Amino acid sequence: MLEKVYDPAAVETKIYEQWEKSGAFACHPDSDKEPYCIMIPPPNVTGNLHIGHALTFSIQDTLVRYQRMKGKDVLWQPGTDHAGIATQMVVERLLAKEGISRHDLGREKFLEKVWEWKAKSGGQIVGQLRRLGASLDWPRERFTMDEGLCRAVRQEFVTLYKDGLVYRAKRLVNWDPYLQTAVSDLEVEQRETVGKMWYFKYAVEGESDRFITIATTRPETLFGDTAVAVSDEDERYKDLIGKNVIIPICNRAIPVVADEHADPTKGTGAVKITPAHDFNDFEVGKRHNLPMINILDSTAHLNENVPEAYRGLSTADARVKVLEEVKALGLFVKEEDNPMTIPYGDRSGVVIEPWLTDQWFVDAPKLAKKAIEVVEDGRIQFVPKAWEKTYFEWMRNIQPWCVSRQLWWGHQIPVWYGPDGHYFVEENVDLAQAEADKYYGKRMELTQDPDVFDTWFSSGIWPFSTLGWPDNTKELQRYYPTNVLVTGFDIIFFWVARMVMLGLYFMKDVPFRTVYIHALVRDEQGRKMSKSKGNVVDPMVLGDKYGIDALRFTLIAMAAQGRDVCMSESRVEGYRNFVTKIWNAARFCEMNECKLADGYDPKALNQPLNRWIVSKAAAAMGKVTTALDEYKFNEAAEAGYQFAWGTFCDWYLEFAKPLFFGDDEAAKAETRATAAWVLDRILMMLHPIIPFVTEELWSKTENRKQMLMLTAWEDLHDLVNAEADEELDWVIGLISAVRSLRSEMNIAPSAKITMYLQGATAEEARRLDAFKPLIKTLARLETAELSTSADDAKGAAQTVFGTAAVLLPLAGVIDVAKETERLTKEKEKLTKEIGGLEGRLNNEAFVAKAPEKVVAEQRARLADAKAALVKTDEAMARLKAL
RNA sequence: GGGCGCAUAGCUCAGCGGUAGAGCAUUACCUUCACACGGUAGGGGUCGCAGGUUCGAUCCCUGCUGCGCCCACCA
């Protein structure tokens, strides 16, 4: 006997263990089934499962379970990411608490600490994935820094280098002075601020009282100036081009150059050029062969290239001092407020400096070409399609990708330098040494590049590195390209674009055929969740409170295409109730001895009720199937919900009660078998979304050995039966009409009343007769009679149903005033509707141009409304006679 | 500055060229023998504003307002 209330906590662990132990999640590379593969977006190994994870993994698990049930050989590849910066930061912070910096430890010792930390806390997210019910093929779990993937990353880099797609260059990069590393454009967050614009005079060399005024937002960089640029069409400064001006304070002479960058309409039209500290100036500097003076050290403090008094100052302190000194020199003109955006590191939160360093770059613009093509020609499809635009926009403006990071945690770059700075790019030190030997003609000491790769450089090859690449494994042949990538839009650039570029380059094929972009989860007020706002919803807490199934159902039901979703706890609670409802329906079936019957044929049933529910189940199954095929998860959830609760529980089981308690043994047996059969279909269609409760009921209700998760998904479309539908739908409609009437008339539940059906067709009469006992019970009627005479209704409580009028003769019970009010209201409504319909139908243009079907529909509606009006009038008349 | 998206019931959201939908909340009634994490019946919306296309617009187009996001620039 099933317990009265479903206890998720007790069931979830047990069921998951069963699944995992039995190998139910495993793929079968040797099988002849059609393969289906999803790569998990590898979460940070030391991370924690947040609500966004819960959404994306619930969606993926739903897809994967569905495809498995459909008979595919499914691989859902698990794994975690080493997450360079994030992880290094966590460990550094822990060390900082003990007063240790990573430099105190040295690289080797520090890395040991990181591995220790990974070993200690790395299991958490994996455990949480299991809690969530994720059916990943665990024995295949990979880590972006395990041995095979390290080898893949080295080969990735060396191949790109040898093919000329990777190069080393001294360039301006976004430098994070806190983390002391380069970061990519994408890791820089622009924040709006109100800054200042300062105007200074630079003296023209050799002309004692001529000055040129420049405007700047960063006065402290004037020590790095190597030119002043003006437009060659700017009359104010034209004659200065080629002359020198003197930088205040350091009194260095720099040339005035003509450059397109200078816009006469902006500022003063004259721009100071600091090539080593500004991206635009860098370009100007290159055009004019200007020197590049780096005035900052790696921590963004002024270095030896500035006057003695400024050395070692922070940029902020230097700014104050420069302003004071410029004012003292009488070269200060004015200052203005200036709205501007300032770059901050998205990890460190400090101001990012453009800084001149040697870095490794991937020629992304070259790789992007094909990556654009495959989306244009549909070899990769975005769902929803609108995201293609975002993808294109970025790919068409893509910049070289700086892949080197000055961190310790990550894949160390496989480049070895000789004493003269010549470098050797090889997969390991032995190959590099061999090349060096050839190059130098003798053995020379080599040192490896200390830098590591951007995390995304390794996750960019995730779709094939996890399958064994660079070896040509059978998994690689079988599961690449993968079927779908499921992710949020926030990493389209970081990850999706890189995977497409690298997949096409190394595998000569797209990494996935579909990219499903789901919404971001926000809080109830629509704000992005973040720790600093304190509005983080912990999915595991919700899981503990309401059960994982309720959590998953909520997420799936919210996962409509299109927009961001807000997470509200009340919804989880509602779906927890749904899970309980299913549980209780199963319990009710069990109590009534509903068991699957040998030789049960859902096509050969005698009871109309059973034919009807089979047809409805088939239709629901079809809806869920279509919705999942189209990634319309909310529709799948809704179809299952509506059928299980609104159809099966609310109507079928209620209808079944009289049969279960009655003495028609044949009908009883058939209904028991049908109830069991339908309950099974409900478990099936809901299993991809709420796997735990369905699996539990699947095994408990019939004592089955075969797990639900491995059961075949059924195509029931030939069980849909319009005739069977119509009959019971009519009865349900009638019952609803009577209930509604009763309730509106304030008829006491205990009142015994007789219903007359006036003006019914022969078919309706038959139905009424056939279902009389059910109607009596569910509508709480004393008797249900047929009549063609209005006289039978002494009172007049009436509602129009189908072609007939339901009359409840209520003399003595009826509230005449209330009924009059109701009928008046109804009449008004009908008159209005008739007016609208007649207007439309009398419009020649409508009749001529609208589709015939629509016109016919409207005519029918008009006829119905008119008939209803007549009956309402009759009722009014009878009411008056009372 | 460029681009994208959103505005529908009190809340969170579906939907859609032809009777406005769900869940939650709310009201009334029901301790009915699976389930009060339940049942039945209701109330509540000129689908952001203004034009246009159309026989017909919540839906398509244009403009406006408000909100959000992305990218770029910022001397």
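Keep in mind that this is a model prediction, so the values were computed, not measured. Chain letters run A, B, ... following the sequence lines, proteins first and then strands; every chain starts at 1.
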Discussion item. Can you check the distance between C60(B) and G5(B), where both ends of the measurement are the P atom (answer in whole Å)?
Written reply: 11 Å
Discussion item. Students often get this wrong, so: under 4.0 angstrom with heavy atoms, is Val847(A) touching a base, only sugar-phosphate, or nothing?
Written reply: nothing
Discussion item. Can you tell me how far apart CG (Leu653(A)) and CZ (Phe660(A)) are? Round to the nearest 0.5 Å.
Written reply: 7.0 Å
Worksheet item: Can you tell me how far C1' in C59(B) sits from the matching atom in G21(B), rounded to whole Å?
Response: 15 Å
Worksheet item: Nearest-Å distance, CE (Met395(A)) to P (C71(B))?
Response: 15 Å
Discussion item. Regarding Glu654(A), tell me which of base, sugar-phosphate or nothing describes its non-hydrogen contacts under 4.0 Å with the strands shown.
Written reply: base
Item to complete: Using a heavy-atom cut-off of under 4.0 Å over every strand shown, decide if Glu590(A) touches base, sugar-phosphate, or nothing.
Response: nothing
Worksheet entry | side chain to side chain contact (heavy atoms under 4.5 Å, CB included) assessment of Glu220(A) paired with Ile295(A) | CA-CA 9 Å; Glu220(A) 69 279 9; Ile295(A) 61 159; 5.6 Å; no
Discussion item. Measuring only the C1' atom in each nucleotide, how far is A25(B) from A9(B)? A whole number of Å is fine.
Written reply: 11 Å
Worksheet item: Which whole number of Å gives the distance between the C1' atom of A14(B) and that of A20(B)?
Response: 12 Å
Discussion item. Whether Lys385(A) contacts C4(B) is assessed here as follows: a side-chain N or O lying under 4.0 Å from the phosphate OP1 or OP2. Is that the case?
Written reply: no
Discussion item. Regarding Thr390(A), tell me which of base, sugar-phosphate or nothing describes its non-hydrogen contacts under 4.0 Å with the strands shown.
Written reply: nothing
Worksheet item: Expressed in angstrom and rounded to an integer, what is the separation of Tyr391(A) atom OH from C70(B) atom P?
Response: 20 Å
Item to complete: Using the C1' atom on both, measure G23(B) against U32(B) and round to a whole Å.
Response: 26 Å
Discussion item. Can you check the distance between G17(B) and U27(B), where both ends of the measurement are the P atom (answer in whole Å)?
Written reply: 37 Å
Worksheet entry | Separation of atom CZ in Arg739(A) from atom C1' in C29(B), rounded to whole Å | 14 Å
Worksheet item: Do other residues, nucleotides or ligands put more than 12 heavy atoms under 6.0 Å from the NZ atom of Lys623(A)?
Response: no
Worksheet item: Checking all strands, does Cys649(A) fall into the base, sugar-phosphate, or nothing category for heavy-atom contacts under 4.0 angstrom?
Response: base
Item to complete: For C11(B) versus C69(B), give the span between their C1' atoms, rounded off to a whole number of Å.
Response: 23 Å
Worksheet item: Contact class for Asp650(A) vs. all strands (heavy atom < 4.0 Å): base, sugar-phosphate, or nothing?
Response: sugar-phosphate
Fill in: Among U19(B), A34(B), C55(B), the nucleotide that comes nearest once only the side chain of Ala850(A) is considered
C55(B)
Practice prompt. Quick one: stems involving RNA chain B, counted as three or more successive Watson-Crick or G-U pairs, both distances short of 3.5 Å.
Written response: B:1-7 with B:65-71, B:10-13 with B:21-24, B:26-30 with B:38-42, B:48-52 with B:60-64
Worksheet item: Any ion pair linking Glu593(A) and Lys668(A) (charged N to carboxylate O, less than 4.0 Å)?
Response: no
Response to the item:
Taken to the nearest 0.5 Å, the spacing of Ile582(A) CD1 from Asp549(A) CG works out to 8.5 Å
Collect all protein-nucleotide pairs involving nucleotides 42-46 of chain B in which both atoms are nitrogen or oxygen and the distance is under 3.5 Å.
from, atom 1, to, atom 2, distance (Å)
G42(B), OP1, Ser740(A), OG, 2.6

Worksheet item: Quick one: is G56(B) close enough that its OP1 or OP2 comes under 4.0 Å of any side-chain N or O from Arg840(A)?
Response: no
Worksheet, complete the sentence: When Trp645(A) and Ala586(A) are each assigned the nearest nucleotide of RNA chain B, the 5'-most assignment goes to Ala586(A)
Item to complete: Just compare C24(B), G38(B), U40(B) and give me whichever is closest to any side-chain atom of Ser570(A).
Response: C24(B)
Practice prompt. From the options U40(B), U12(B), A34(B), select the nucleotide whose nearest atom is closest to the side chain of Arg571(A).
Written response: U12(B)
Fill in: Rounded distance in Å - CZ (Arg822(A)) to C1' (A41(B))
13 Å
Worksheet item: Choosing from C35(B), A41(B), A14(B), which nucleotide comes nearest the side chain of Asn634(A)?
Response: A14(B)
Fill in: Glu826(A)/Lys829(A) salt bridge by N-O under 4.0 Å criterion
no
Practice prompt. Take atom CZ of Arg742(A) and atom C1' of A28(B), then tell me their distance rounded to the nearest Å.
Written response: 15 Å
Worksheet item: Arg587(A) near the nucleic acid: base, sugar-phosphate alone, or nothing, with a heavy-atom cut-off under 4.0 Å?
Response: sugar-phosphate
Item to complete: Would you please confirm or rule out a distance under 4.0 Å between OP1 or OP2 of G38(B) and any side-chain N or O of Asn577(A)?
Response: yes
Worksheet item: Please walk me through it: do Trp583(A) and Val5(A) pass side chain to side chain contact (heavy atoms under 4.5 Å, CB included)?
Response: CA-CA 7 Å; Trp583(A) 181 265; Val5(A) 177; 5.8 Å; no
Practice prompt. Look at the rings of His518(A) and Tyr516(A) and say which category their plane angle falls in: under 30° parallel, 30 to 60° tilted, over 60° perpendicular.
Written response: tilted
Practice prompt. Starting at atom CZ of Phe846(A), determine the distance to atom P of G17(B), rounded to an integer number of angstrom.
Written response: 17 Å
Practice prompt. Indicate, with a heavy-atom threshold strictly under 4.0 Å, whether Thr217(A) touches base, sugar-phosphate, or nothing.
Written response: sugar-phosphate
Worksheet item: With respect to the phosphate group of A34(B), does any side-chain polar atom (N or O) of Lys657(A) fall under 4.0 Å of OP1 or OP2?
Response: yes
Practice prompt. Please test Phe846(A) against Val855(A) for side chain to side chain contact (heavy atoms under 4.5 Å, CB included), starting from the C-alpha separation and ending with a verdict.
Written response: CA-CA 8 Å; Phe846(A) 170 71; Val855(A) 178; 4.1 Å; yes
Discussion item. Show every side chain to side chain donor-acceptor pair (under 3.5 Å) that has at least one partner inside residues 853-867 of chain A, sequence neighbours left out.
Written reply: Glu838(A)-Lys866(A), Arg840(A)-Gln858(A)
Practice prompt. Could you check how far CH2 of Trp583(A) sits from C1' of G38(B), rounded to whole Å?
Written response: 18 Å
Discussion item. On RNA chain B, does the nearest nucleotide to Glu393(A) precede the nearest nucleotide to Met591(A) from the 5' side, or the other way round? Give the residue.
Written reply: Glu393(A)
Discussion item. Considering every strand and a 4.0 Å limit on heavy-atom distances, what is the contact class for Lys389(A): base, sugar-phosphate, or nothing?
Written reply: sugar-phosphate
Item to complete: State, yes or no, whether a side-chain contact exists between Trp387(A) and Val515(A) at a heavy-atom distance under 4.5 Å.
Response: no
Worksheet item: Contact class for Arg780(A) (heavy atom, under 4.0 Å): base, sugar-phosphate, or nothing?
Response: base
Fill in: Interatomic distance, Ile212(A) atom CD1 to Thr268(A) atom OG1 [nearest 0.5 angstrom]
7.0 Å
Fill in: Donor-acceptor pair (no angle test) under 3.5 Å: Thr580(A) side chain, C37(B) base
yes
Worksheet item: So which nucleotide from C70(B), C73(B), C55(B) ends up closest to the side chain of Phe493(A)?
Response: C70(B)
Worksheet item: Ile398(A) CD1 to A72(B) P: how many Å, rounded?
Response: 12 Å
Worksheet item: Rounded to the nearest 0.5 Å, what separation is found between the OG1 atom of Thr777(A) and the CZ atom of Phe655(A)?
Response: 9.5 Å
